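Structure first, then comments.
Residue numbers run from 1 in the order of the sequence given. This one's a predicted model, so the numbers in the text were calculated from it and none came from an experiment.
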Amino acid sequence: MFDQLRTMAIFQTVAELGSFRQAAKKLNLSPSVISHHISKLEEDLGTPLLYRSTRRMSLTDAGVALLAASQRMTSAAIDGLAAVQRRASQPTGTLTIAASTPFSHSPYVETFTRFAQSYPDVHLSIQLEDRAIPLAGSNIDVAIRGRAGNLDDSSYKARKLGNVHFSVFAAPSYVQGRPMPQSIDDLADWDWLQSLPVPWSALATLADGTAPERTPRTAATCFNLTVARKFVDEGLGFMIETYPLVANDFRAGRLVHLLPEVKLRPIDVYAIYPANSPKDGLAHLFIDFMMDQIWATEYGFGIS
């Protein structure tokens, strides 16, 4: 099939130029090779395509029909190549992203918005789940996760975006009248609203590896940021979550930043993507875009 397409292209050049010799010059082939391809094409089709004489060359009816078909084929190929080139300079297509539900909140969601504004021809398909979506067999182009081990399939790669720091917080109504905690173990006398599927001993471990000795009462287990945050706003207890999600609330006084000097162990965040993703494809474009965001520097995300 591919050999026939190549031969059709040679035939088209001969027919359009009206000369074996000129076609040979344009294609950088010898006239004998050109003649061989035309003869082989005629043999395969079982009909002559060209009338040859020492002075002139003309097309048979079959040759006229084949030239028209070949020209349509060439035009389609040129259009296809041009479309690919336009895609490289003006990205198009669908980009499917999987992430946890906190990415529906600021400042993370603004990244999706700015990417969509920067590349209006790219259709974003965003899947936000409280569980890790299996990648194997899926159409996911990029998954944003707090781990890179135990990938679903060895055909995936992980690029570290950076790390995110945790903060402890509560509503002013809950904090009022309570002695401010001085250490992570002081929180054992408070009410914990668990929003992450991580045990207290792991979540409250300090950056230097020191694990907490005491455990607070778990007032509610949500495994969902929106629900847990509503409980916090209603003064039911305190939460531990990543700093970027609550930084603006600290500034505005909507939340109280507890233990601001205590450094909890950060989490490394990775972009997981298929190993065969093209370097100039949408997955790499989005990952690079995330790393360039202003908030990434401000909140320590994207900074190893």
Side-chain angles (χ1 to χ4, degrees), residues 79-133 135 138-148 156-167 195 224-227 229-230 233 241-252 254-255 266-304:
D79 288 344
L81 291 172
V84 172
Q85 290 175 332
R86 287 195 300 272
R87 176 169 182 157
S89 58
Q90 298 178 344
T92 61
T94 297
L95 176 66
T96 302
I97 303 168
S100 58
T101 54
F103 275 81
S104 65
H105 297 263
S106 298
Y108 303 128
V109 69
E110 280 79 10
T111 301
F112 300 142
T113 303
R114 284 191 287 269
F115 183 86
Q117 291 170 338
S118 299
Y119 303 100
D121 293 331
V122 176
H123 171 73
L124 286 182
S125 175
I126 303 172
Q127 302 179 23
L128 300 179
E129 300 274 354
D130 287 315
R131 61 180 181 85
I133 301 174
L135 299 181
S138 73
N139 65 338
I140 294 171
D141 299 303
V142 181
I144 304 171
R145 292 182 174 175
R147 63 175 180 86
Y156 286 83
K157 287 187 175 181
R159 177 179 171 185
K160 183 179 177 181
L161 299 176
N163 49 52
V164 178
H165 293 270
F166 286 100
S167 59
S195 64
N224 180 277
L225 175 67
T226 301
V227 176
R229 175 58 194 274
K230 180 62 176 177
D233 292 340
E241 251 296 352
T242 56
Y243 177 74
L245 291 172
V246 290
N248 288 335
D249 294 309
F250 292 156
R251 298 186 185 114
R254 292 185 293 266
L255 293 174
I267 58 170
D268 292 330
V269 179
Y270 296 86
I272 313 297
Y273 57 94
N276 61 353
S277 293
K279 293 295 184 182
D280 58 349
L282 296 181
H284 287 274
L285 179 67
F286 176 75
I287 295 170
D288 290 341
F289 187 86
M290 282 196 70
M291 298 289 289
D292 289 338
Q293 296 306 294
I294 296 175
W295 60 263
T297 302
E298 181 180 0
Y299 298 128
F301 188 86
I303 306 298
S304 299

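- Closest approach of Asn248 to Arg254, counting heavy atoms only: O-NH2, 3.7 Å.
- Taking both residues in full, the closest heavy atoms of Ser167 and Val246 are given as OG-CG2, 3.4 Å, listed atom of the first, atom of the second, then distance.
- Contact detail for Val164 and Pro244: the closest heavy-atom pair is CG1-CD, 3.7 Å.
- Of all non-hydrogen atoms in Gly93 and Leu282, the two that sit nearest each other are C-CD1, 4.0 Å.
- Considering only heavy atoms from C-beta on, Phe115 comes within 4.5 Å of Phe286 through its side chain.
- In this structure, Lys160 and Tyr270 have side chains that are in contact, with non-hydrogen atoms separated by less than 4.5 Å.
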Original post:
Please walk me through it: do Ile97 and Ile140 pass side chain to side chain contact (heavy atoms under 4.5 Å, CB included)?
Top reply: CA-CA 6 Å; Ile97 303 168; Ile140 294 171; over 6 Å; no

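- The NE2 atom of His165 sits 10.5 Å away from the CD1 atom of Ile267 when rounded to the nearest 0.5 Å.
- A salt bridge links Arg229 to Asp249: at least one charged side-chain nitrogen sits closer than 4.0 Å to a carboxylate oxygen.
- With hydrogens and angles disregarded, no donor-acceptor distance shorter than 3.5 Å links the side chain of Ser277 to the backbone of Tyr273.
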Subject >> side chain to side chain contact (heavy atoms under 4.5 Å, CB included) assessment of Asp233 paired with Leu255 >> reply: CA-CA 8 Å; Asp233 292 340; Leu255 293 174; 4.1 Å; yes

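- Thr94 and Asp141 make their closest contact through O-OD2, 3.6 Å (heavy atoms, listed as atom of the first residue, atom of the second, distance).
- Summarising the geometry of Val122 relative to Pro91, their closest heavy-atom pair is CG2-O, 3.4 Å, with the distance given to 0.1 Å.
- Between Phe166 and Pro266, every side-chain heavy-atom pair lies at or beyond the 4.5 Å cut-off.
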Original post:
How far apart are the C-alpha atoms of Lys157 and Asn276, what are their side-chain angles, what is the distance that settles it, and do they pass the side chain to side chain contact (heavy atoms under 4.5 Å, CB included) test?
Top reply: CA-CA 9 Å; Lys157 287 187 175 181; Asn276 61 353; over 6 Å; no

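- Ser125 meets the side chain to side chain donor-acceptor pair (under 3.5 Å) test with no other residue; sequence neighbours excluded.
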Subject >> Worked check of side chain to side chain contact (heavy atoms under 4.5 Å, CB included) between Thr96 and Gln127 >> reply: CA-CA 7 Å; Thr96 302; Gln127 302 179 23; 3.4 Å; yes

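- You'll find the side chain of Leu225 reaches within 4.5 Å of the side chain of Glu241, heavy atoms only.
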